[in-house]
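Numbers restart at 1 for each chain; the letters A, B, ... are given by sequence-line order, proteins then strands.
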Amino acid sequence: MTSVQAPLEKADAFGPLKRFVSRRASWIPVFAALALLILIFIAGQAYFGNFLTPRVISALLLDNAYLFILAVGMTFVILTGGIDLSVGAVMAFTGMFGASLLRDGVPSGIVVPVMLLLGAAFGLAIGVLVQYFDVQPFIASLAAMFAARGLAFMVSLDSIKVETPEILWLQSTRIQGAPGSFYITPTGIIALLVVLVAALVLAYTRFGRTIYAIGGNEQSARLMGLPVVRSKLLAYVVSGVCAGLAGVVFTAYTGASYPLNGMGTELDTIAAVVIGGTLLLGGSGFVVGSMIGVFVYGTIKTAISFMGADQSWTRISVGLLLLLFVVVQRIIVARSDRR
Amino acid sequence: MSTAKEARAIVEMRGITIEFPGVKALDGVDLTLRGGEVHTLMGENGAGKSTLIKALTGVYAIDGGSIIVEGTPREFRGTADAQLAGISTVYQEVNLCTNLSVGENVMLGHEVRGPLGINWAATHREAARHLENLGVRLDTRSMLSAHSIAVQQLVAISRAMVTDSRVLVLDEPTSSLDRGEVDQLFGVIRGLRDRGVAILFVTHFLDQVYEISDRLTVLRNGTLVGEYPVEDLPRGQLISKMIGRELDELDAISQSAARAIDRTSDPVIRATGVGRRGVLHPADVEVYDGEVVGLAGLLGSGRTELVRLLYGADRADAGRVEVRGRTARITNPRHAIDRRIAFSSEDRRAEGLVGDLTVAENIVLGIQAKRGALRKVRKSEQDTIVEEYIQALGVRPANPNALVRNLSGGNQQKVLLARWLATAPQLIILDEPTRGIDVGAKADIQRKVAELSEQGLAVVFISSELEEVIRIAQRIVVMRDRRKIGELTSHDIGVDDLVAFIADEQPQPDSPESAA
Amino acid sequence: MKKILTHRLMLPIAALVALIVINTIARPSFVSVTVKGDQLYGPLIDILRNSAPLMLVSLGMMIVISTRGIDLSVGAIMAVSGAVALTIIDGSPTPNDLGTVLGAIGIAVLIGMLLGAWNGFLVAVVGVQPIIATLVLMLAGRGVALLITGGFITTINSAPYKFMAQGYVIGLPFAFFVSVAAVALVALIERRTALGVLTEAVGINPEASRLAGVRSRGIIWGAYAASGVLAGFAGILYSSNTMAADSNAAGLYIELYAILAVVLGGTSLMGGKFTVAGTVIGVFTIETLRSTILFLGVPSAVAPLFLAVAVVIVVLIQSPRLRSLVTRTAQGARPNTSEVAR
């Protein structure tokens, strides 16, 4: 029997760098995003002088906690090669529904699980349309977005104030070393926990690996006998649950629910995920990258408010960054196709 | 080579019948796979090879017949069922996930798990062990995309062995490998065979068939031709069994083909050393006015690849093309069309017709594209053209407003031919224009080609049916293993000579990768 | 052909007729048209008038979808074009001058075209997926519009501009004539030239079209540019209706309504065959649905819920799986193919 050793020798011959590239190529976009983030930090600090303070950094996590959670769910869906446009609207609807229940005196121990279940139901509905009826993910999640937005307004046309102490506690509690130093709120802890759990699930469970396999080549995944249908449904459910959880966090953050919450948030989320290095074609990307993408988004927003410039610059900058990353991705894909 | 003559049958497929809407893809086909044997499945395009494989691997449900695995009748509802029965498949386009690591691809779905999820260290160790069983040593943590197709094939085979498969189906695994890689693969296959695995092998490369197989099953047009021990079936016989003999009378066409061609002036097209790395060794072709040049060779021999380069459907990276003595740069189809070169693809549905448009719209599409969007072919003009070609080619139904996708294969081919003839080409390239169509339509098309060439049109004609090529062409360019191996004049040879030429036992050439 | 045409448009026509019948039964005033002065009033007239921006956008969307694409940026382009036109008029010393207004409209529509061409460039040349390529502009476009108006809602007084959406000609809203003109123009350009059939060919089978010599790149590019022009004009109509450049509200969700109108009108999201008539019917169906929802006393904010239901019904009807499920139950056949062989 002949023995194939060439690739191993090659790796040795070109040293650790080559070896790193052959093993960890998919992390490169994440590092690119990280480099971008650091660049923005440095530029901000150089320009404003008081940019990199514990207060600003802590606020990044606080202000964008909901976005971290949404981005995690979106990462699952995009990794399978799909997309979920409903997250902003589902977040608004679960927030509204939850707030109305709380107003009616339902204990938060029931309300929060109900919100998560509602989100899961939306995710499941999208997944069923995509998986069983061959509806494009774009259209299926669009319908869910319409439905959720309409339902949010059906709950109430006006904002509902939330006075439940447990919910507000999520936001108001600040765990802080010393006055003026870094702090974190329970919402921030939830966001980081979600990122951590999702990262572990994607890296260390068969479900997670199946998600990557589907995104890499769905046909192959089927032929390998992996549970494609179940995993894809579950990816949308994860995104739905994340949207529900974001509903909880966002309600806590604003102390009220408003049916117009999260307008356009789905676009911010997608942008953050893509900037964080996840390929829109699926199969490549990490929740850690998405987290960095959200940080980039949040930092740009903060920088723009520091400048006192119009917040419309946020969307413009994020749009341009998205363009840059998509074109770069396109070039990378085109190059690997040629090979 | 055949080690276990009376080996135990692991899989018996009996009377397998599969129907697609309107077509019987397989009709009562038998296949027996024995442990410790390499069994090769042979047949031209459309013979039913891939359908049979898909029945065996659970992709298609069978409409008739039975599949017996180790004495137990089985019914496969999906690929997972077949895998559970011990049947694994390695497909031509390696069906792995290139975005994951080598080890992961071997172990996906079978990862070693601990209390905290997947134990990656153990999983990679296990993967390395499976790879090493095949004599392959790789960095299992490297990305699959970093490796060649050949290595990916081996990874796919290792994966199949993780589930302890007793039957391994290899669907054209060698089509994109070079010689050295093929040797590695064959080494692995022999190793598995000696361990008692039953191997079903599909390839278009005759040399490889005789190098590795113990037994052959030949299919033609969805039916079984027969099963033969490899030593009982020499090449010539194998090819005639695959191709079959069509004994209809088309003497008029033969007479037309016997015409003398004026080769004194510049040819319509002269290609010198046209090739593309990994696709086709540089080849020379020229076609004169009124001449039909046949391209003969088996599928995958480079015949389609050559004409696609001539037409600019794919870019050549070597060689020079002259049209009527003037250098022509043809890098996309429009360049070819501007020089009045037309090309009818072998894949009518995917690359020829626009299925949801009507017959009339499909026929004028060529003229329309040439004129540009703004100068629309007027209704009256369109009616005249469409009417003319429907008549001339006998398109049925003779309804210009029928959707093309609802037509039979033969009529679709006629529509495609009409599209190109309507553009008044000086050279038309017809890739398998008679494939999968009924005898009447075949004769119609051949007659039309002969008639057009008599009127001065230059034609390149590709067909798997060698009689057709001999009948219609003045000159035949013979291809094998992605290179041109020679040229014959058709009126002094018969099918047997051509078969012998194609099958000619010669050392297998290097891969085009190294040559181009 | 006649048969196919009727078949293709049967669903949208039936939906529209059903809606009109239900409305008429529920409130007979629905079909009544009253004359005040020399102008016509009534719910149907309102539908004709209000549907104009959606009509323009849907026509552009139809062409883009026919190439197997999608244009999410139409709402943002509307916002930009409205902002441009109003800012020009606002800054002009003669806002009531017809020349000023026409110039402003011309520039705004030209910018719409450039934005559309930019989308086309990303899709046809760079090869970015249409959803993402147009998402970029969808994200950034409204921001740009806000910058143009300086973050404010620019309001103007300009009689000629106001006439665009609110004026009447021979008793009917001028906006209605604009949409008739757009429909006629699109139908003429697509069907009188070969553009329509070449667009369909590219959408149905890109590879066959390429081998047949169709300039698919130019056709795709042109489709997005056309969508940009039409969205630009829709932005003018929208801002003329409110006489304000509200960059956040202009054309909000219109891309979704337009996609729905096109799909309702029988054009598949997978590209290919399109009919202008179908899209027109789709637009009127949606506009009638909106009017109905409003009449039912449902807050307009809740209307998306009904649209969601409509979207789901339409995609389910289009779903091959559902169709094969129906046929399969009818025939009792059961291939494994849908699992793997797609």
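Checked against ring pair (Phe, Tyr, Trp, His ring centres under 6.0 Å), B:H124 has the following partners two or more places apart in sequence or in another chain: B:W120. Under the rule for a ring pair (Phe, Tyr, Trp, His ring centres under 6.0 Å), A:Y236 has no partner lying at least two apart in sequence or in another chain. Here A:Y297 pairs with nothing under the ring pair (Phe, Tyr, Trp, His ring centres under 6.0 Å) rule; sequence neighbours left out.
Residue B:F186: no heavy atom, backbone or side chain, is found under 4.5 Å from chain A. Neither the backbone nor the side chain of B:L84 comes within contact range of chain A; no heavy atom of the residue lies under 4.5 Å from a heavy atom of that chain. Proximity to chain A (any heavy atom under 4.5 Å) is shown, for B:L108, by both the backbone and the side chain. Only the side chain of B:Q83 comes within contact range of chain A, with heavy atoms under 4.5 Å apart.
Ion pairing between a basic and an acidic side chain is recognised when a charged N comes within 4.0 Å of a carboxylate O; B:E172 and B:K49 show no such pairing. No salt bridge links B:D317 with B:R276; every basic N to acidic carboxylate O contact stays at or beyond 4.0 Å.
When atom types are taken as modelled, the side chain of B:N99 and the backbone of A:G283 share a donor-acceptor pair closer than 3.5 angstrom. Under a 3.5 Å cut-off, the side chain of B:D214 and the backbone N or O of B:V38 do form a donor-acceptor pair.
Taking chain A as the reference chain and counting heavy-atom pairs below 4.5 Å, the highest number among B:N105, B:L100, B:L96, B:L116 is found for B:L96. Ranked by heavy-atom pairs shorter than 4.5 Å toward chain A, the options B:G109, B:S88, B:A82, B:G117 are led by B:G109.
No more than 12 heavy atoms of other residues, nucleotides or ligands lie within 6.0 Å of CZ in B:R113, so this atom counts as exposed by the packing criterion.
With contacts defined as side-chain heavy-atom distances shorter than 4.5 Å, the pair B:I189/B:L168 does not qualify.
At a heavy-atom cut-off of under 4.5 Å, chain B is reached by A:A203, A:Y204, A:T205, A:R206, A:R209 from residues 194-210 of chain A, listed in order of number.
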